[in-house]
Amino acid sequence: MPIDDPTTATPSEIDEELARLGIEHAKATDTLNGLTARVQRLVNDGMAEYATELRPRIEQARQTIAGCEAAARPLDAEFERRGGWTRAWLVDNSGRHVHRTMACRTCFPSTRFAWLTQLSGHDETEIVEQAGKAACTECYPSAPVDVRNRPSRIKTPEQLAREAEKAERAKAKAAKAITAPDGTPLRTKGYGQIDTEFTARRSYADALAYARYLTRASIAHHRDTIAEYREDAQLILAALAAKHGRTVDDLRAELAPKVEAKWNREHRNWG
Ligand SMILES: [Zn+2]
């Protein structure tokens, strides 16, 4: 996410944005290199007129690169202004070691790194603690032996992204869910256990419309059933009120048109 004010951002926030810009920059550079090579081939083959068609895409790639560089500048400046902070990288290929710098001499130009931006600005002891046996001995020579014997607890950017996605899904599910005000399942007599707010609202309207229908048909004959449906409606109303921190009266008023619609649709002409 673009950072409005680098001076108030955390090292992780700044590095996360720098990592994102770095990936976008690398992609645009690949595109630019590919297009430039194609233009060169076309020119060599005497088809320069086709090369002009590629110009807008080349220009766009150049603009993306310039944009990434411009966006990274204030973030790099902030890193310098604060006198730097700790950073850690995980090597993607063999060994899966954690390094304090991509310039580590145990690595190669071809080494693929994943930037562990979640650890940016954290104490080196904490980084080593999390890395355990994955801590590079060259980068963290002072790591105690007992720490080096522990398994790594480092999470890759992919793992973190998956976890965030999972949390997001759980949140969306919770937003749709409903329980009794005390957190136990919402159990009703006429509709069984109700798990979603959607079903709760629909069941509420159904219960009251049906209770009204039975009242019209024969209040004496259906007394117990009517009471049960009204009770269900009360339970649902209380659950909805608790979930949204609103009053029962408030929700009853909100749902009244739904009850009315249900009544008109299904029962009025039969009563
Ligand atoms: Zn290293």
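Start at 1 with the first residue, then count along the sequence. Just so you know, ligand 1 is whichever comes first in the structure, and atom 1 is the first atom listed for that ligand.
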Trainee: Treating R100 as the side-chain partner and C139 as the backbone partner, does any N or O pair qualify as donor plus acceptor under 3.5 Å?
Mentor: yes

Trainee: Test of geometry: compute the angle SG(C139)-the Zn ion (ligand 1)-SG(C136) and round it to 10°.
Mentor: 120°

Trainee: Tell me which N, O or S atom of H99 sits nearest to the Zn ion (ligand 1).
Mentor: ND1

Trainee: Kindly confirm whether the Zn ion (ligand 1) is within less than 2.8 Å of some N/O/S atom in H97?
Mentor: no

Trainee: Is C104 close enough that one of its N/O/S atoms sits under 2.8 Å from the Zn ion (ligand 1)?
Mentor: yes

Trainee: Report the distance from atom CE of M102 to atom CH2 of W89, rounding to the nearest 0.5 Å.
Mentor: 5.0 Å

Trainee: What's the shortest heavy-atom distance between L214 and T225, and which atoms?
Mentor: CD1-CG2, 3.8 Å

Trainee: Evaluate whether atom CG of D4 has more than 12 neighbouring non-hydrogen atoms of other residues, nucleotides or ligands under 6.0 angstrom away.
Mentor: no

